[in-house]
Amino acid sequence: MGRRSCWPGVVSTAVLYGSLALFTSILHNVFLLYYVETFVSVYKIDKVSFWVGETVFLLWNSLNDPLFGWLSDRSFLSSPQSGSQITSPEVVLKRLKALSTNGPLFALSFLAFWVAWASPGLQFLLCLCLYDGFLTMVDLHHSALLADLAVSATDRTRLNFHCSVFSALGSFSVFLSYSFWDKEDFHFFRFFCMTLATFSVVGFFFVSRMLRRRFQKEVRPRQDESQILKELNVGQAPFTHPEKPVTIGQYLRQLAKHKNFMWFVSMNLIQVFHCHFNSNFFPLFLEHLLSDHISASTGSILLGISFIAPHLNNLYFLTLCQRYGVYQVIRWLFMLKLGLSVAMLLAGADHIYLLCIFIASNRVFTEGTCKLLKLVVSDLVDEDFVVNRRQQAASALLFGMVALLTKPGQTFAPLIGTWLLCAYTGYDVFQREPVKDTLVSVPDMAPGSGTPPLRLGCFYMLVFVPITCALLQLAAWSRFTLHGRKLLGIKMSRQGAQHGNLVDVKAI
């Protein structure tokens, strides 16, 4: 892919597309790991302000994806007869322009977390909303490019392969951050974050600019041809009445009838919950299940591996996807998650090395599954285009609707997790004191059992959450039918409908 280049012999389009994931991941990994600890331990945010901020963030986080997707793609929803054709290179240019603007703004919003400039509650709320807004714009248009640049499963897998490579490189910021993190002296960590943000701003600016130059060369000849045809009145149908644009209500009704979409978001909601549950409670599991048995350096290595390994592992998963299909690989990963969790439950909490392997592998395989789901959403974009006879694939809008229905899992993860922990062990992450009404109280434990209730509660959370998630996901995934011959038929229909307008990513 991409041997020929408008920047001769230097960098392919696929590599440039993948590098955009680097400029996002180096910041987002640090954000996920430290933003809660910063506001709780450094800025001393109170419990009420934290919950208010997370609640507002839940609403904004869910609504901004379809909102931005609708604003971006609403002109693509009508059928081809409703107006002039919009070519794929023009769509790609629109996405790249949005990335060149919102990418640097995303990096600047990242910096707002690490300097105290308002009361902790207000700063927490504003920083989360600003950061997530720009992250959503970057993620939506970058994900949409996956569906706009290629239709074949092979080309999309190659694009995703490059994203995984650069995302793995971006995860090294987690290793570096551990050397700078110090809640007592925050200056070095601030400087580290400023360096990361500067690198991200420069990267977004230059890479999006290079990609735009390449696709502008694709668009200009088609624009000239379109202008000539317009002047000659060729290709117009003056006696046909253009169809009205599709309204948001009509689009939602179309999605409601899209059964594969509904089964996918049901499965993905649980996946998003499980991914963020692992991220949020990974340090807690290390502290209460392993801290007495492993060194701090071993814990930091486990933490770093859990961020980098999913991207490297995804490279192998993508080769399996080319051979067996995305649907089958995801199904195997659900079964693997269920099998490993049951085995850990039977082994018990006293096998330290098994716990280390399970804690790391649980996050690695769960995150690996998440990274394959973009390929499934791209297939849903194709099905939506064919079934509803779109003028152009509304990829950003469909990615936004998926996020609307699945992102609540991101907020439910810490809320349900902290509630379960408090209910079963009496451990409150804010007060750090046991509460009176718990399902498993301290007197219920045998004095010589050697298994404190907090450690036992963490272990049960560690194994029962993935078991429950895997069973629900296997049930939903079995109803998803967009694979095999049906998927091949959808892709052939889209390629036939857009013949001549699709971007040949191999030739750019």
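The figures that follow rest on heavy atoms only: side chains count, while hydrogens, waters and symmetry mates do not. All figures in this text were calculated on a predicted structure; none of them were measured in a lab.
Panel note: side chain Ser167, backbone Ser164; no donor-acceptor pair is recorded below 3.5 Å.
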>> Evaluate Ser478 against Arg331 for side chain to side chain donor-acceptor pair (under 3.5 Å), listing each step before the verdict.
In response: CA-CA 8 Å; Ser478 65; Arg331 184 170 175 268; over 6 Å; no
> Would Asn29 and Ser173 satisfy side chain to side chain donor-acceptor pair (under 3.5 Å), going step by step from the backbone distance to the final call?
Replying inline: CA-CA 7 Å; Asn29 287 332; Ser173 63; 4.7 Å; no
>> Run Asn260 and Thr481 through side chain to side chain donor-acceptor pair (under 3.5 Å) and show every step you take.
In response: CA-CA 7 Å; Asn260 282 323; Thr481 61; 3.0 Å; yes
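Between the OG atom of Ser72 and the NE2 atom of His141 there is a distance of 4.0 Å, given to the nearest 0.5 Å. Taking CG of Leu135 as the start and NE2 of His28 as the end, the distance is 5.5 Å to the nearest 0.5 Å.
Contact of the Thr13 side chain with the Arg214 side chain is registered, since non-hydrogen atoms from C-beta on lie closer than 4.5 Å.
Aromatic ring centroids of Trp60 and Phe57 lie 6.0 Å or more apart.
Leu404 pairs by the side chain to side chain contact (heavy atoms under 4.5 Å, CB included) definition with Ser62, Leu63, Pro66, Met401, not counting sequence neighbours. Qualifying disulfide (SG to SG under 2.5 Å) partners for Cys275, counting only residues two or more places apart in sequence or in other chains: Cys370. Looking at residues two or more places apart in sequence or on another chain, you find a ring-ring contact (aromatic ring centres under 6.0 Å, His included) between His142 and Tyr17. Every residue meeting the ring-ring contact (aromatic ring centres under 6.0 Å, His included) condition with Phe23, not counting sequence neighbours, appears here in chain and number order: Phe199, Phe204. Scored by the side chain to side chain contact (heavy atoms under 4.5 Å, CB included) test, Phe161 finds Val165, Leu315, Leu318 as partners (sequence neighbours excluded).
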Per-pair distances, 0.1 Å, donor-acceptor, side chain in residues 104-113, under 3.5 Å, sequence neighbours excluded:
unit_1 : atom_1 : unit_2 : atom_2 : d
Ser109 : OG     : Phe106 : O      : 2.7

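A salt bridge does not link Lys486 with Asp379: none of the charged nitrogens is closer than 4.0 Å to a carboxylate oxygen.
Looking at Lys407 and Asn61, their side chains do bring a donor and an acceptor atom within 3.5 Å of each other.
Phe281 and Phe277 have tilted rings, their planes meeting at an angle from 30° to 60° on a 0 to 90° scale. Relative orientation of the Tyr460 and Phe464 rings is tilted, given thresholds of 30° and 60° on the angle between their planes.
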